[in-house]
Protein chains: 2
Amino acid sequence: MRSALATDSDLLNAIEDRGYRITSTRRVIAGAIEESPDGFTAEQICGRVPGVGRATVYRAIKLFHEVEVICKMALPDGAPRYAVDTGGRHHHHTICTGCGAVQDFRASTIERVLKAIEADVDGQITGHRMEIYVTCQTCLASAD
Amino acid sequence: MRSALATDSDLLNAIEDRGYRITSTRRVIAGAIEESPDGFTAEQICGRVPGVGRATVYRAIKLFHEVEVICKMALPDGAPRYAVDTGGRHHHHTICTGCGAVQDFRASTIERVLKAIEADVDGQITGHRMEIYVTCQTCLASAD
DNA sequence: GTTGCTGCAAATCCTTTGCAAGGTT
DNA sequence: AACCTTGCAAAGGATTTGCAGCAAC
């Protein structure tokens with residue numbers, strides 16, 4: 001029965017809904033991800049799931065990203081960082097360059113601007129990427 | 001005399017102004033970059049400067065980026081792409097996901113929005129990244 | 001003549017892939 | 001039973017680094 005397999009994990013539910021299997025390994029990885037409210041890197045997850053192969057972690061992250069339950073973003077140097085995509089509606093993120101903490105960020109103004117921009121652009125807009133880099137309160141405080 | 005050494009290359013002038021040396025190798029690399037109106041990747045430049053070591057090309061690109069005469073951006077998959085930063089004032093780019101062509105893009109609205117956002121953000125904004133992905137006219141046409 | 005730059009090759013980092021074994025439906 | 005997943009190790013690609021020789025100032 002499917003309901004018996006359902007978990008309280010949005011991540012696992014999402015992949016199950018798309019026909020991927022729920023395995024014990026994926027449960028562990030999903031758990032590690034969901035314990036990362038401030039975002040995470042692949043390497044951080046690897047460190048939190050001893051015994052699970054690095055490749056499996058990367059495959060799982062790619063899977064979660066594919067089914068759109070985690071967002072992928074980039075630090076200023078281009079290094080990838082991920083965050084659980086709670087909610088669902090399109091949004092952007094602020095990333096602390098000190099500690100990497102990610103916060104959601106929804107500004108309807110930006111969406112409106114992007115729509116307006118479409119007219120000025122030579123070609124057809126297919127997507128966009130936007131990240132706001134910050135020094136978070138915690139890092140600001142500890143720098144004093 | 002400095003004026004005798006000055007070139008018509010903005011790239012070379014920029015590094016010279018910061019105390020870096022102008023060498024024949026850097027002239028060649030700068031030339032290859034300036035022949036790339038649509039942006040370029042490190043690998044593309046390597047291909048256009050036979051005889052110059054890959055490491056030197058990467059070092060030069062990093063240097064030009066450091067003195068802010070080229071911009072670094074990212075394709076949807078995170079792969080880096082560069083473009084000459086003519087002008088100077090802050091701007092963004094559209095990148096064609098088909099051919100990689102980069103175009104400048106200056107929307108004062110965006111800057112205004114970003115400034116407004118500052119109030120809503122938890123922390124201090126230190127920077128941002130924004131790329132608009134498009135299918136350019138050329139690619140649209142050839143897809144027909 | 002200093003000091004910085006270059007090329008080569010090796011090293012590194014991050015991520016992906018091949019494959020045989022084991023798990024899930 | 002059939003097919004998906006996993007772990008390991010190896011491959012892969014992109015960028016960096018050490019170092020000795022060469023070039024610019």
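Residue numbering restarts at 1 for every chain, and letters A, B, ... go by the order of the sequence lines. Keep in mind that what you see is a predicted model, and the values were worked out from it rather than measured.
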Give the rounded distance in Å between these two atoms: [atom1] of [X] and [atom2] of [N].
X: A:Arg18; N: D:dC4; atom1: CZ; atom2: P; answer: 17 Å
X: A:Glu16; N: D:dT5; atom1: CD; atom2: P; answer: 12 Å
X: B:Leu63; N: C:dC5; atom1: CG; atom2: C1'; answer: 11 Å
X: B:Leu12; N: C:dC5; atom1: CG; atom2: P; answer: 13 Å
X: A:His65; N: C:dT15; atom1: NE2; atom2: P; answer: 13 Å
X: B:Arg27; N: C:dC5; atom1: CZ; atom2: P; answer: 14 Å
X: A:Ile61; N: D:dT5; atom1: CD1; atom2: C1'; answer: 16 Å
X: B:Ile29; N: C:dC5; atom1: CD1; atom2: P; answer: 12 Å

Checklist line | Between the first and last five pairs of the helix from C:dG1-D:dC25 to C:dT25-D:dA1, the angle of the axes, rounded to 10 degrees | finding: 40°
For residues 52-60 of chain A, run the donor-acceptor check on the side chains, cut-off 3.5 Å, and write out each pair with its distance to 0.1 Å, sequence neighbours left out.
{"residue": "A:Arg54", "atom": "NH2", "partner": "A:Glu43", "partner atom": "OE2", "Å": "3.2"}

Next item on the list: Give a yes/no answer on whether the side chain of A:Thr56 brings an N or O atom under 4.0 Å of OP1 or OP2 in D:dG7.
Entry: yes
Margin query: Going by the rule ring-ring contact (aromatic ring centres under 6.0 Å, His included), which residues pair with A:Phe64 if we only count those two or more places apart in sequence or in a different chain?
Written below: none
Note to self: Can you confirm whether B:Glu68 is buried at CD, in the sense that more than 12 heavy atoms of other residues, nucleotides or ligands lie under 6.0 Å from that atom?
What the structure shows: no
Residues [X] and [Y]: side-chain donor-acceptor under 3.5 angstrom:
X: B:His128; Y: A:His92; value: no
X: B:Tyr20; Y: B:Glu66; value: yes
X: A:Ser36; Y: A:Gln44; value: no

Checklist line | Residues that A:Arg112 engages under salt bridge (charged side-chain N to carboxylate O under 4.0 Å, His left out), provided they are two or more places apart | finding: none
Check: For A:Ala79, what residues pass the side-chain contact (heavy atoms from CB on, under 4.5 Å) criterion, not counting sequence neighbours?
Finding: A:Leu75, A:Asp77
Check: Which nucleotides of nucleotides 11-24 of chain D have their base under 4.0 Å from a protein heavy atom (B), which only their sugar-phosphate (S), and which neither (-), written as one string 5' to 3'?
Finding: ---SBBBB----BB
Note to self: How close do B:Leu12 and B:Ile22 get, counting heavy atoms only, and between which atoms?
What the structure shows: O-CD1, 3.8 Å
Check: With sugar-phosphate meaning primed atoms plus P, OP1 and OP2, does A:Gly78 contact a base, only sugar-phosphate, or nothing at under 4.0 Å between heavy atoms?
Finding: nothing
